[in-house]
Amino acid sequence: MNHPIFTISLDFEMMWGVFDKRSINTYGSNILGSVSVIPKMLALFEKYNVHATWAVVGCLHFNNLSLLSAHLSKNEINYCNSKLSAYKHGLTIDEGDYLNYYSAPELIKKIAQTPGQEIGSHTFSHYYCLEPGQTIASFSDDLRQSIDISAVHGYSTKSIIFPRNQYSTEYLKACKNMGVVTYRGNENNRLQTPRNQDKLSLSIRLLRLIDSYLNLTGSNDHKIQSPADDMPINVPSSSFFRPYNAKLKLLEWLKIRRIKNSMTKAAKNNSLYHLWWHPHNFGINQQQNLKQLEEILKHYSYLNKVYLMKSLNMNEIGNNYNSK
């Protein structure tokens, strides 16, 4: 790399990303809040000239439940745990809930119209590549639907973020075959190894939480590695930006310090720092979350001036790499 890079990616999924774990009754305020907080995040990105990739679940592109249902009824994923299937869940959605919690074409349009923002794929149905029962063929069908519906709205899919960070080599090759240029890989440490939900133990979750506040795994800055010809470019994650937690409010400064220190190390090392989160993470406690985000973006602005760090979205990183 000719200069250090700061990138942000967001997993834009609304209820499609959490329906198997949470209900509208328990999490609906986060989803509704994400709709109002996204324009505020976009304003901050524009203010500090920060570019980002928004990985969108394909089902969010629809504004009509009947049209969505017609698409969902065409396919199925044979997860051993059928509760994971958005194809089944989508056919049970209440008409009254649909537009509030499962649909966002106008918001996606607003994101795309903001300078520096990329619309990527989070698969069509929030697909889980490592869960028992699914196959590479069903994944390919699902991703093709995501690419096609995005194209209908005028977006070219060049980047993918795998739901719950589940992926393997054969799935990456399938992405490359469909024109995907970059993907968000996981941090290179044992806590972030791709794994299905059965292998995501409580101890792993706890260590991940601690690592967000205290440095257990290092700065996780990266050099972009040359991929094999049949693989997309890996733009690895550096850290999940955990939302403000009132129960840990006395420790929140440690989280921000950890992120800023790692960003600084990346700037000094001429490497990549990649921060990610879900918009619904910021759906509540918006004031605190936006304040923390702005503190990080101000730090990027400082690194840009002192170390010439640049903000690029994932596709821009891919273009930058391929132009060498």
Side-chain angles (χ1 to χ4, degrees), residues 1-3 5-13 38 42 45 49-61 104-105 107-127 129 136 139-163 165-186 222-238 272-279 310-324:
M1 292 185 289
N2 296 324
H3 49 76
I5 295 172
F6 175 55
T7 193
I8 286 175
S9 60
L10 299 108
D11 302 11
F12 188 23
E13 55 196 34
I38 284 174
L42 290 172
F45 291 164
N49 193 25
V50 167
H51 296 194
T53 293
W54 298 72
V56 176
V57 168
C59 290
L60 289 177
H61 286 289
L107 195 50
I108 297 168
K109 183 178 179 181
K110 181 175 179 62
I111 293 167
Q113 291 174 340
T114 303
Q117 310 306 300
E118 174 195 10
I119 303 299
S121 176
H122 205 35
T123 72
F124 185 77
S125 68
H126 207 256
Y127 191 102
C129 294
I136 187 67
F139 168 75
S140 298
D141 289 342
D142 185 274
L143 181 57
R144 174 52 61 192
Q145 281 199 85
S146 172
I147 292 171
D148 288 348
I149 192 60
S150 194
V152 166
H153 292 272
Y155 314 125
S156 177
T157 303
K158 297 300 180 183
S159 300
I160 186 169
I161 292 171
F162 292 91
N165 301 308
Q166 296 185 18
Y167 62 89
S168 67
T169 299
E170 63 177 331
Y171 291 83
L172 292 171
K173 290 180 179 179
C175 293
K176 178 74 172 186
N177 290 338
M178 282 185 262
V180 174
V181 175
T182 65
Y183 73 100
R184 187 183 72 206
N186 293 1
H222 308 279
K223 301 289 186 182
I224 301 296
Q225 302 296 318
S226 177
D229 290 340
D230 57 353
M231 299 280 280
I233 297 167
N234 184 8
V235 184
S237 165
S238 299
L272 165 78
Y273 186 82
H274 187 165
L275 188 66
W276 72 277
W277 68 97
H278 311 86
K310 290 188 178 181
S311 174
L312 300 176
N313 62 45
M314 289 173 58
N315 185 42
E316 289 170 336
I317 294 171
N319 290 337
N320 193 51
Y321 178 87
N322 287 323
S323 66
K324 293 179 181 179

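Values reported hereafter were calculated over all heavy atoms of this structure, with side chains retained and with hydrogens, waters and symmetry mates removed. For the single chain, residues carry numbers from 1 onward in sequence order. Quick caveat, the model's predicted, so the values are computed rather than measured.
- Interatomic distance, CG of Leu275 versus OG of Ser9, reported as 8.0 Å (0.5 Å rounding).
- When all heavy atoms are compared, the tightest approach of Phe162 to Cys175 is CZ-SG, 3.7 Å.
- For the atom pair His61 NE2 and Ser146 OG, the distance stands at 6.0 Å (nearest 0.5 Å).
- By the 30° and 60° cut-offs, the orientation of the rings of Trp276 relative to His278 is perpendicular.
- Residues Phe124 and Asp142 share a closest heavy-atom pair of N-OD1, 2.9 Å.
- The side chain to side chain contact (heavy atoms under 4.5 Å, CB included) search around Asn315 returns Glu118, Lys158, Ser159, Asn313, Asn319, not counting sequence neighbours.
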>> Apply side-chain contact (heavy atoms from CB on, under 4.5 Å) to residues Leu60 and Phe12 and explain how you reach the verdict.
In response: CA-CA 9 Å; Leu60 289 177; Phe12 188 23; 4.1 Å; yes
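- The side-chain heavy atoms of Ile5 and Val235, taken from C-beta on, include no pair separated by under 4.5 Å.
- Counting heavy atoms from C-beta outward, His274 and Pro236 have side chains that stay 4.5 Å or more apart.
- By the 4.5 Å heavy-atom criterion applied to side chains, Leu42 and Trp54 are counted as neighbours.
- Under the 3.5 Å distance criterion, the side-chain polar atoms of His222 are matched with a main-chain donor or acceptor of Ser237.
- Across every non-hydrogen atom of Pro232 and Val180, the tightest pair is CB-O, 3.8 Å.
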> Can you check side-chain contact (heavy atoms from CB on, under 4.5 Å) on His153 and Ile108, steps first, answer last?
Replying inline: CA-CA 10 Å; His153 292 272; Ile108 297 168; over 6 Å; no
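- Atom OH of Tyr273 sits about 5.5 Å away from atom OG of Ser238, to the nearest 0.5 Å.
- For the atom pair NE2 (His122) and OG1 (Thr157), the distance works out to 13.5 Å, reported to the nearest 0.5 Å.
- Within the model, atoms CG of Leu143 and CD1 of Ile160 stand 4.5 Å from one another, a figure rounded to the nearest 0.5 Å.
- Lys310 has its side chain out of reach of Asn2: every pair of non-hydrogen atoms, C-beta onward, lies at least 4.5 Å apart.
- Contact annotation: the side chain of Arg184 approaches that of Asn165 to within less than 4.5 Å [non-hydrogen atoms, C-beta and beyond].
- Applying the salt bridge (Lys or Arg N to Asp or Glu O under 4.0 Å) test to pairs two or more places apart or on separate chains, those with a residue in residues 165-179 are Lys173-Asp230.
- Ring geometry for Tyr183 versus Tyr167: interplanar angle over 60°, hence perpendicular rather than tilted (30 to 60°).
- In terms of modelled atom types and a separation under 3.5 Å, the side chain of Gln117 and the main chain of Pro115 share a donor-acceptor contact.
- Using a 4.5 Å heavy-atom cutoff, the side chains of Trp277 and Leu10 are in contact.
- In terms of heavy atoms, Val181 sits closest to Gly318 at CG1-CA, 4.4 Å.
- Between Glu316 and Ser311, the closest heavy-atom pair is OE1-O, 4.3 Å.
- The line from CD1 of Ile8 to CG of Leu312 is 12.0 Å long, rounded to the nearest 0.5 Å.
- For Asn234 (side chain) and Gly185 (main-chain N/O), a donor-acceptor pair under 3.5 Å exists by modelled atom type.
- For Ser140 against Ala174, the heavy-atom pair with the smallest separation is OG-CB, 3.9 Å.
- Between Ile161 and Met314, the closest side-chain pair of non-hydrogen atoms falls below 4.5 Å.
- The shortest side-chain heavy-atom distance between Val56 and Ser150 does not fall under the 4.5 Å cut-off.
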